[in-house]
Amino acid sequence: MECPGRGVPYTVRDLADVSGVSRSQIGRLLTGDLTNLDVNDAHAVAEALGVAVLVLFMPPTSPK
């Protein structure tokens, strides 16, 4: 399976399977209900997505 950072979209289930992080945690990250993650889980998600860990927790950019 390719990384979405390379243009292939993931479902929450795909990301959970590839990263080893639970679907529940990934879903809660996406909704903002979870704002931090164990460092090992954060690295696993970042690696699965093909991005740096910092990218996962960057604040959203403000609209122009």
Subject >> Exercise: identify the closest heavy-atom pair between Ala52 and Ala46 >> reply: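 Reported closest heavy-atom pair: C-CB, 4.1 Å.
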Show me, pair by pair, the donor-acceptor contacts under 3.5 angstrom made by side chains of residues 18-25, not counting sequence neighbours?
{"residue": "Ser19", "atom": "OG", "partner": "Leu15", "partner atom": "O", "Å": "2.7"}
{"residue": "Ser19", "atom": "OG", "partner": "Val21", "partner atom": "N", "Å": "3.2"}
{"residue": "Ser22", "atom": "OG", "partner": "Gln25", "partner atom": "N", "Å": "3.1"}

Distance-only criterion, 3.5 Å: show the donor-acceptor pairs between side-chain atoms of residues 26-42 and protein atoms not counting sequence neighbours.
{"residue": "Thr31", "atom": "OG1", "partner": "Gly27", "partner atom": "O", "Å": "3.4"}
{"residue": "Thr31", "atom": "OG1", "partner": "Arg28", "partner atom": "O", "Å": "3.2"}
{"residue": "Thr31", "atom": "OG1", "partner": "Asp33", "partner atom": "N", "Å": "3.4"}
{"residue": "Thr31", "atom": "OG1", "partner": "Asp33", "partner atom": "OD2", "Å": "3.2"}
{"residue": "Asp38", "atom": "OD2", "partner": "Asn40", "partner atom": "N", "Å": "2.9"}
{"residue": "Asp38", "atom": "OD2", "partner": "Asp41", "partner atom": "N", "Å": "3.3"}

